[in-house]
Trainee: 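Please find one structure pasted underneath; my questions will follow.
Heavy atoms only: backbone and side chains are in, while hydrogens, waters and symmetry mates are out. Proteins get letters first, then strands, A, B, ... in listed order; numbering begins at 1 in each.
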Amino acid sequence: MYDIIVIGGGPAGMTAAIYARRATKSVLVLEALTCGGQIINTPDIENYPVEAHISGFDFSNRVYEQAKGLGAEFAFEKAVDIKDEGSVKTVVTTKGSYQAKAVIIATGSENRKLGLEDEQRLTGRGVSYCATCDGNFYRNKVVAVVGGGNTALEDAQYLAGLAKQVYLIHRRDSFRGEETNAERLKACENVEIVYNSNVTRLISEKRLKAIEVTNKLTGEVRTIELNGLFVAIGRVPENMNFASVAELDEAGYIVAGEDCHTKTEGVFVAGDNRTKALRQLVTATADGAMAATEAVKYLNNMSL
Amino acid sequence: MAVITINSNNFKTEVLESKVPVLADFNATWCGPCRSMKPMLDQLAEENKGYKIVSIDVDDNSELAEEYDVSSIPCLVVFRDGEEVNRSVGLIPKDMINALVEG
């Protein structure tokens, strides 16, 4: 039996483990893949205090070493359920189950898919969710970016520096992303913005060859031949397994305030999978600290 | 056995002419998920499974990346008798990596 089980080994989860260990509680971190979470995809972090530049991979490794050095235990298993038995919670994984007095859910989020036929098969064969990872493979080629947020705008701009031609497919006629990002993009000669449109079909043989784009207002269907499609339509929280112990909003985020409490006593939430205004590395680590502190408080009250 | 680093000179002998199945890891130094997967591949190599693991840096071997149509990394490709028989794109856990070869 652990004092605290943290589900998810990203920045929020590992920071929670650090705080919990410093409060001398026993901690198990359950991680489905490898520690780090989505930040490992970021080649250069420039907005986290202290370091002007650090790669997401190095950042993750250092936080992992820090948590481990303080005595946090790690198991690489995917948590699929939390059973609330009052003062004891059982976390069921794909390999077994573990018990703790308190649980912190820090599962983050994953890329939202287009939901089109063949999307899975074409991932890595023309369909990508990470422009900075895969952009290099599309030097002097034709690519499209789908989305209208900052990620889509930044991806399109990054790709404009590599690719011959970039299409930006956006379902509205204005951008959610920052104005400066949008203006910079409009100034790029090799970028065409396709407004009010959705990607409605992936056309492929062995790999992606073209996309079908449908204008929402006119119904007009256009085929764009290309080599690569970068999907940047946001992220989806990974909370579905925990709906029995935590209330989810309509987008799937766990409803909780700054104190990171869920509707179940002893179950807390930290990081990108919580309802919040800003999802950044620094707010994820802040959540980790808060959730762990609240969990420690809960444990200490329990033993009174 | 350690992971073998591939260049244009040894690809044919180490991969295409290998007597045992080959798990080829297409990666790059700047790719975070690739670096995350490396320790798992090192462990699998040390465990001396019935297959060989090779590392192919896509920046140093862009012609190989192109030939095998690698356009997202990390990309794991399994070769048997010189032919591609399986492939996986993106970071996956160790047991899934092993299952790509052993099924």
Trainee: How about A/N136 and B/V58: do any of their side-chain heavy atoms sit closer than 4.5 Å?
Mentor: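 Side-chain contact under 4.5 Å: no.
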Trainee: Around atom CE of B/M1, are there more than 12 heavy atoms of other residues, nucleotides or ligands at under 6.0 Å?
Mentor: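 Count over threshold, so yes.
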Trainee: Identify which of B/M96, B/M40, B/K94, B/R87 forms the greatest number of heavy-atom pairs closer than 4.5 Å to chain A.
Mentor: B/R87
Trainee: Find the one option among B/I92, B/V89, B/I73 whose heavy-atom pairs under 4.5 Å with chain A are most numerous.
Mentor: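 With the most close heavy-atom pairs to chain A, the winner is B/I73.
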Trainee: Could you tell me whether B/E17 atom CD has more than 12 heavy atoms of other residues or ligands within 6.0 Å of it?
Mentor: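 Atom CD in B/E17 is packed in, count exceeds 12.
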Trainee: Between atom CZ of A/R125 and atom SG of B/C75, what is the distance when rounded to the nearest 0.5 Å?
Mentor: 7.5 Å
Trainee: Would you say CG of B/D81 has more than 12 non-hydrogen atoms from neighbouring residues, nucleotides or ligands within 6.0 angstrom?
Mentor: no
Trainee: At a heavy-atom separation under 4.5 Å, does A/Y129 approach chain B through its side chain, its backbone, both, or neither?
Mentor: neither
Trainee: Salt bridge check, B/D69 against A/R207: does any charged N sit closer than 4.0 Å to a carboxylate O?
Mentor: yes
Trainee: Heavy atoms only, distances under 4.5 angstrom: which of B/A28, B/S72, B/P93 has the most pairs with chain A? Name it, please.
Mentor: B/S72
Trainee: Check B/G32 against A/F57 and note the closest heavy-atom contact, atom names and distance.
Mentor: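 Scanning both residues, the minimum pair turns out to be O-CD1, 3.6 Å.
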Trainee: Any chance you could lay out the side-chain contact (heavy atoms from CB on, under 4.5 Å) test for A/D58 and B/R35, step after step, and finish with the verdict?
Mentor: CA-CA 10 Å; A/D58 289 329; B/R35 293 171 71 189; 3.1 Å; yes
Trainee: Got more than 12 heavy atoms from elsewhere within 6.0 Å of CD, A/Q120?
Mentor: no
Trainee: Kindly compute the distance separating OG (B/S36) from CG (A/N61), expressed to the nearest 0.5 Å.
Mentor: 7.0 Å
Trainee: Between A/T42 and chain B, with a heavy-atom cut-off of 4.5 Å, which part of the residue counts as in contact: side chain, backbone, both or neither?
Mentor: neither
Trainee: Go through the atoms of B/D59 and report whether side chain, backbone, both or neither lie under 4.5 Å from a heavy atom of chain A.
Mentor: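 Looking at B/D59, nothing touches chain A.
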Trainee: Under 6.0 Å from the NZ atom of A/K113, do we count more than 12 heavy atoms belonging to anything else shown?
Mentor: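 Enclosed.
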Trainee: Out of curiosity, A/N41 CG to B/C31 SG, how far, rounded to the nearest 0.5 Å?
Mentor: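 So the gap between those two atoms works out to 7.5 Å.
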Trainee: Quick check on A/E46: does its CD atom have over 12 non-hydrogen neighbours (other residues, nucleotides or ligands) under 6.0 Å away?
Mentor: yes
Trainee: Output the distance between atom CD (A/Q38) and atom CG (B/L91), rounded to the nearest 0.5 Å.
Mentor: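 Result: 13.0 Å between the selected atoms.
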Trainee: CH2/B/W30 to SG/A/C133 distance, rounded to the nearest 0.5 angstrom?
Mentor: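 Interatomic distance, B/W30 CH2 to A/C133 SG, rounded to 0.5 Å: 7.0 Å.
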Trainee: Using a 6.0 Å cut-off, check whether atom CD of A/E205 has over 12 heavy atoms from anything other than its own residue.
Mentor: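 Atom CD in A/E205 is not packed in, count stays at 12 or less.
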Trainee: Answer yes or no: are there more than 12 heavy-atom neighbours, outside A/R121 itself, under 6.0 Å from its atom CZ?
Mentor: yes
Trainee: Indicate the atoms forming the closest heavy-atom contact of A/F137 with B/S71, along with that distance.
Mentor: CD1-O, 3.4 Å
